[in-house]
Amino acid sequence: MDEKEILSGLTDAVVNGKKDQATELSEKALEAGIDPYKAIVNGLANGMEIMSQKYEDGEVFMPHLLMSSNAMYAGMDVLTPHLKMEGAEKAAVLVIGTAEGDVHDIGKNLVKTMMSAVGFDVIDLGKDVPVPEFADAVEKNKADVVSISTLMTSTMDNMENTVKDIASKGLRDKVKIVVGGAPVTEAFAKDIGADEYKADAMGAAKWAKEAVKELDSSRWG
């Protein structure tokens, strides 16, 4: 199999929720000398992105997403140990959670998956996260990026409260903040003092990877 076939095979394995196939093709990718990062992003994560779009369009449902997610993680288990950390001694740290009052976590889980795929060490606070827990996790884990999501307009205020809480504890200049979710807009993100709004998981992951480079590496002392 050539590189193109392996990458498209990895994408198909995730789309079809074939865990064993994802593992087998990930091993083949390593044997063929394909860059593990490329295999994850252009193979596995690409499949997950297709599935998240199908989910949003109502073409597939939660069980399909879970199977795809399992297949992706199976492939990542093979590939991740071989990732070369470019010029970094440790992975960048992401703190992620759904705003207080919102118990939805599908979107958040997709972002978590994509962030893992591009090399983040992910601290997942879960759903319905009390406002102060984000700042606590930022400080405790010396985080680089915070991702807050919500699917409900009624909890958008808590997104703003979370950003304010991070700022009030003197941590705002230490992290980049990205927000997302159905009711969220670019204008809202700016209004509440977040750095960025992204409509999809892959976009958030790509942005976060670049945004980390703008942070002062000595900010945590």
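Here the structure is a predicted model, which means the values were calculated and not measured. Numbers here simply count residues along the sequence, with the first being 1.
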In terms of heavy-atom contacts, Val15 and Gly47 come closest through CG2-O, 3.8 Å
Verify, without hydrogens or angle tests, whether Ser69 (side chain) and Leu66 (backbone) share a donor-acceptor contact under 3.5 angstrom.
no
Any chance you could measure Met114, atom CE, to Asn109, atom CG, to the nearest 0.5 Å?
12.0 Å
Which atom pair, heavy atoms only, marks the closest approach of Met159 to Phe188?
SD-CE2, 3.7 Å
Qualifying residues under side-chain contact (heavy atoms from CB on, under 4.5 Å), relative to Val41, sequence neighbours excluded:
Tyr37, Val118, Met202
Report the distance from atom CZ of Phe134 to atom CD1 of Ile166, rounding to the nearest 0.5 Å.
7.5 Å
Any chain of hydrophobic side-chain contacts (each under 4.5 Å) joining Ile192 to Leu171?
yes
Return the minimal non-hydrogen interatomic distance between Val163 and Arg172, and the atom names on each side.
CG1-NE, 4.2 Å
Considering only NZ, NE, NH1 and NH2 on the basic side and carboxylate oxygens on the acidic side, decide whether Asp124 and Lys108 come within less than 4.0 Å.
yes
Spacing of Ile6 atom CD1 and Lys4 atom NZ [to the nearest 0.5 Å]
13.5 Å
Backbone N/O of Glu100 and side chain of Asp128: donor-acceptor pair under 3.5 Å:
no
Can you find a pair of side-chain heavy atoms, one from Thr80 and one from Ile40, that are under 4.5 Å apart?
yes
Could you tell me whether the side chains of Asp102 and Thr150 share a donor-acceptor contact shorter than 3.5 Å?
yes
Quick check: do Tyr197 and Thr185 have side-chain heavy atoms less than 4.5 Å from each other?
no
Given side chains that start at C-beta, do those of Ser116 and Tyr73 come closer than 4.5 Å, heavy atoms only?
yes
Shared ILVMFWY cluster between Val103 and Leu110, side chains joined below 4.5 angstrom?
no
Which heavy atom in Leu7 sits nearest to a heavy atom in Ala39, and how many Å separate them?
CD2-CA, 3.6 Å
Roughly how far, to the nearest 0.5 Å, is CG of Asp157 from NZ of Lys164?
8.5 Å
Just distance, no hydrogens or angles: give the donor-acceptor pairs under 3.5 Å from side chains in residues 174-182, sequence neighbours left out.
residue : atom : partner : partner atom : Å
Lys174  : NZ   : Arg219  : O            : 2.7
Lys176  : NZ   : Glu214  : OE1          : 2.9

If I compare all heavy atoms of Lys198 with all of Trp207, which pair ends up nearest, and what's the gap?
CE-CB, 3.7 Å
For the hydrophobic clusters of this structure (ILVMFWY residues joined by side-chain heavy atoms under 4.5 Å, transitively), does one cluster hold both Met1 and Leu30?
yes
May I ask you to decide if Gly43's main-chain N or O and Thr11's side chain share a donor-acceptor pair within less than 3.5 Å?
yes
Is a side-chain N or O of Thr98 found less than 3.5 angstrom from the main chain of Asp105, in a donor-acceptor match?
no
Would you say the side-chain atoms of Gln53 pair up with the backbone N or O of Ile50, donor to acceptor, closer than 3.5 Å?
no
Any sub-3.5 Å donor-acceptor pair from Thr155's side-chain atoms to Asn158's backbone N or O?
no
Is it true that a side-chain atom of Ser68 and a backbone atom of His64 form a donor plus acceptor pair closer than 3.5 Å?
yes
Using a strict 4.0 Å threshold on nitrogen-to-oxygen distance, state whether Glu31 and Lys28 make a salt bridge.
no
Find out whether Leu10 and Met72 are in side-chain contact, i.e. whether some heavy atom of one side chain is under 4.5 Å from a heavy atom of the other.
no
With a 4.5 Å heavy-atom cut-off, do Lys169 and Asp136 have their side chains touching?
yes
Could you see if Leu215 belongs to whatever hydrophobic cluster contains Ile123? Use Ile, Leu, Val, Met, Phe, Trp, Tyr and a side-chain cutoff under 4.5 Å.
no
If we only count heavy atoms from C-beta on, is the Val78 to Glu24 side-chain gap below 4.5 Å?
no
Can you measure from CG (Leu79) to CD (Glu27) and round to the nearest 0.5 angstrom?
9.0 Å
Take atom CG in Asp216; do more than 12 heavy atoms of anything else shown fall under 6.0 Å from it?
yes
May I ask you to say whether Lys206 pairs ionically with Asp200, meaning some side-chain N is under 4.0 Å from a carboxylate O?
no
Is there a continuous path of hydrophobic side-chain contacts, each under 4.5 Å between heavy atoms, that joins Leu151 to Val131?
no
Can you confirm whether more than 12 heavy atoms, excluding those of Met67, are under 6.0 Å from its CE atom?
no
For the atom pair CG (Asn70) and NZ (Lys19), what is the distance rounded to the nearest 0.5 Å?
5.5 Å
Near Gln21 CD, under 6.0 Å, is it more than 12 heavy atoms from other residues, nucleotides or ligands?
yes
Shortest non-hydrogen contact between Gly170 and Asp173, atoms and distance
O-OD1, 3.9 Å
Side-chain donor or acceptor of Trp220 paired with backbone N/O of Ala143 under 3.5 Å
yes
Return yes if some donor-acceptor pair links the side-chain N/O of Ser8 with the main-chain N/O of Glu5 below 3.5 Å, else return no.
yes
